[in-house]
Amino acid sequence: MPVWHLVLQWQVLSASLTTLALGMLSTSLESVLPAFTKDALGATPSKTGLLFVLNGCVAIVLSIPIGYGVDRLIGRHGEEMRVYIELVGLAFTGGAVLGIGLCKSFSMLFGVETLLAASLLVVSIPVMSSFGDFVNSLGQSSMALCYGIQNSFWALSSTIAPPIATFMYTQIGYRATVSGVLTSICVLCAVFILSETIWKAVQRAARRVKFSTR
């Protein structure tokens with residue numbers, strides 16, 4: 001299947017845009033948190049580094065159990081369950097991002113960062129797996145291409161988000177950047193996740209109108 005045709009498939013496009021939004025959220029936080037912990041909390045570089053160690057530890061411990069749970073839930077309740085899982089994880093992600101923007105101590109930041117790391121896994125794992133599940137449903141040999149598309153969107157977010165986030169940090173401050181702008185990215189991510197569901201609802205409504213006017 002050609003790359004452009006695969007990207008324009010609704011499931012792939014939705015997952016790619018969600019990956020882009022999640023990547024912008026993650027890399028923006030990684031850019032502004034070290035500056036904030038130094039400027040506002042007086043944390044040393046080694047202490048700030050614990051936040052990144054924490055993210056890795058949470059991923060090591062929770063990635064496999066969350067992936068197993070996602071497979072079980074989708075296998076039992078159908079593909080629609082993927083959207084609900086992603087939205088639940090996104091709700092916790094948005095709350096954690098808002099909390100990070102309001103933190104006034106390093107210990108508080110450490111706790112909320114733990115919640116954020118776990119919440120991002122609940123969103124990102126079903127999003128990542130949707131690429132492979134969609135290709136399998138088509139019976140196409142495009143699995144590696146799908147993961148290449150996903151990686152490209154994540155790389156795009158890693159390229160554009162950090163300079164924008166650090167610029168906003170210097171111009172409007174930490175709280176406005178994190179609690180305002182980055183929390184709004186969570187809302188945008190929810191729109192991307194729900195886009196397929198909304199589009200199908202619109203199509204069903206259009207068919208009903210069409211049949212009723214005959």
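- Hydrophobic clustering (side-chain heavy atoms under 4.5 Å, transitive across Ile, Leu, Val, Met, Phe, Trp, Tyr) keeps Leu98 apart from Leu109.
- Of the possible polar contacts, one joining the Thr170 side chain to the Phe167 backbone as a donor-acceptor pair under 3.5 Å is found.
- Following chains of ILVMFWY side-chain contacts shorter than 4.5 Å, one can reach Val123 starting from Leu62, so the two form part of one hydrophobic cluster.
- Distance CG/Leu22 to CE/Met128: 9.5 Å, rounded to 0.5 Å.
- A distance-only check finds no donor-acceptor pair linking the side chain of Ser179 to the backbone of Ala176 [under 3.5 Å].
- Taking hydrophobic clusters as Ile, Leu, Val, Met, Phe, Trp and Tyr residues chained together by side-chain heavy-atom distances below 4.5 Å, Met24 does not share a cluster with Val181.
- Considering only heavy atoms from C-beta on, Lys38 stays 4.5 Å or farther from Thr48 through its side chain.
- Distance alone, capped at 3.5 Å, places no donor-acceptor pair between the Thr19 side chain and the Phe153 backbone.
- Tested against Tyr174 for a side chain to side chain contact (heavy atoms under 4.5 Å, CB included), the candidates Asp39, Ile100, Thr37 yield a single pass: Ile100.
- The residue from Ile85, Ile66, Ile64, Leu120 that alone fulfils the side chain to side chain contact (heavy atoms under 4.5 Å, CB included) condition with Ile125 is Ile66.
- To the nearest 0.5 Å, the span separating CZ on Arg82 from OG on Ser129 amounts to 4.0 Å.
- Val97 and Phe110 end up in the same hydrophobic cluster when Ile, Leu, Val, Met, Phe, Trp and Tyr side chains are linked at under 4.5 Å.
- Side-chain heavy atoms closer than 4.5 Å link hydrophobic residues (I, L, V, M, F, W, Y) into clusters, and following such links, even through other members, never connects Tyr169 to Leu102.
- Interatomic distance, Ser14 OG to Glu86 CD, rounded to the nearest 0.5 Å: 7.5 Å.
- The one candidate from Leu20, Thr18, Leu194, Leu17 that meets the side chain to side chain contact (heavy atoms under 4.5 Å, CB included) condition with Cys189 is Thr18.
- A heavy-atom distance below 4.5 Å is not found between the side chains of His77 and Tyr84.
- Taken to the nearest 0.5 Å, the OG1 atom of Thr177 stands 7.0 Å off from the CG atom of Leu182.
- Between the side chain of Thr166 and the backbone N or O of Pro163 there is at least one donor-acceptor pair closer than 3.5 Å.
- Tested against Phe92, the residues Val122, Leu116, Leu115 include a single side chain to side chain contact (heavy atoms under 4.5 Å, CB included) partner, Leu115.
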